[in-house]
Amino acid sequence: MKTRIAEDYNATAGIYDMRYREEQQLKIGFLLNRVRLRDGDTVIDAGCGTGLLLESVSERAKAWLVGIDSSIGMLREAKRKGIEADLVLGDVENMPFKDGVADAAFSVSVIQLAENPERAISEIRRITKAGGAIGISYLKRAGIEPPLAAGIRAAVHASETLKDIFITGFRED
Amino acid sequence: MDILACPICKHHPLDLQVIRESDEINEGVLICKNCNRWYPIIDDIPHMLPDDMRNPEEDLEFLERWKEKIPAEIAERGKPFNLASKK
């Protein structure tokens, strides 16, 4: 199932930005406006796709950017665009990062595709430092309850116009 | 990228074997000494998927192509795929 999702994204990577950039940037703005970013931060985007969030972060702070995605096609597109980020092919539910490496971790419209969204959130928490910022969105129509993992202090926001539920906050311990 | 850990057992740090490099590391292998898994680096991008999302044919092709430059214990006995299992 997850392999098929990755293949679907591989096939559409070249036209992803043309089709979704505007909508994704509104979601990204919604999250970034509610999270503090500082120069020198390590920022990880779980499900980075073509790197739209990382691009927006780079306009706000001089951060070390890391993107992980399960679609090699999307990562190649991010690389082709010249994004200054370290890119990793990987799974959001099994992230290949040490504990507590991110000053801020994000995931935009991805976890509803996970086999287990709670596990994805618990991985996002694991890779974030204590006190580090977390910003997650997922599609409303997925109909899942905000799956807040223990140890994340967060607010849940619904938007009138955007298709996602937004969770912003920080890792508690 | 010293933040990388094994996606399965979360061991850190991973051993890096460079296969071919220019400005960045273009091709290489990351090895988990704890669970003996290996992860290819292709065109600068580490491929760190869990076993069930990996492509056995592509992995074996990679091992076959670079077997001279990959430690024998990985090429022959590494997880989840290796050249010994292919024979």
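Note on naming: letters A, B, ... go to the chains in the order of the sequence lines (proteins, then strands), and numbering restarts at 1 for each one.
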CD1 of B:Ile45 to CG of A:Asp69: how many Å apart, nearest 0.5 Å? 10.0 Å
Checking A:Val88 against chain B: side chain, backbone, both or neither under 4.5 Å from a heavy atom? both
Is the number of heavy atoms from other residues, nucleotides or ligands under 6.0 Å of B:Arg65 CZ greater than 12? yes
Below 4.5 Å, heavy atoms only, C-beta onward: do A:Arg126 and B:Lys10 meet side chain to side chain? yes
Looking only at heavy atoms, the pair that brings A:Asn94 and B:Pro50 closest together is ND2-CG, 3.7 Å
Gap separating the CE atom of B:Met53 from the CG atom of A:Asp91, nearest 0.5 angstrom: 4.5 Å
Against chain A, label B:His47 side chain, backbone, both or neither, depending on which of its atoms sit under 4.5 Å from a heavy atom there. both
Among the listed options B:Ile8, B:Asp2, B:Ile3, the residue most often paired with chain A at heavy-atom distances under 4.5 Å: B:Ile3
What I'd like to find out is whether the side chain of B:Pro7 reaches to under 4.5 Å of the side chain of A:Met95, using heavy atoms alone. no
Does A:Val110 share a hydrophobic cluster with A:Leu26, counting links as ILVMFWY side-chain heavy atoms below 4.5 Å and allowing steps through other members? no
Are B:Ile19 and B:Ile42 co-members of a hydrophobic cluster defined by side-chain heavy atoms under 4.5 Å apart? yes
A:Lys2 side chain reached by B:Asp52 side chain, heavy atoms, under 4.5 Å: no
Could you see if A:Leu139 belongs to whatever hydrophobic cluster contains A:Val156? Use Ile, Leu, Val, Met, Phe, Trp, Tyr and a side-chain cutoff under 4.5 Å. no
Counting only heavy atoms not in A:Arg21, do more than 12 fall under 6.0 Å of its CZ? yes
Should we count NZ of A:Lys62 as having more than 12 external heavy atoms under 6.0 Å? no
Do A:Val43 and A:Leu32 belong to the same hydrophobic cluster, where Ile, Leu, Val, Met, Phe, Trp and Tyr are linked whenever their side-chain heavy atoms lie under 4.5 Å apart, directly or via other members? yes
Report which part of A:Glu93 has an atom under 4.5 Å of a heavy atom belonging to chain B: side chain, backbone, both, or neither. neither
Assigning hydrophobic clusters by single linkage (Ile, Leu, Val, Met, Phe, Trp, Tyr; side-chain heavy-atom cutoff under 4.5 Å), is A:Phe166 placed with A:Phe170? no
Contact check, side chains of A:Ser70 and B:Leu49, non-hydrogen atoms, under 4.5 Å: yes
Bottom line for A:Ile127: the part with an atom under 4.5 Å from chain B's heavy atoms is neither
Would you say A:Lys79's side chain and B:Asp43's backbone share a donor-acceptor pair under 3.5 angstrom? yes
Could you check whether atom CD of A:Glu118 has more than 12 heavy atoms from other residues, nucleotides or ligands sitting under 6.0 Å from it? no
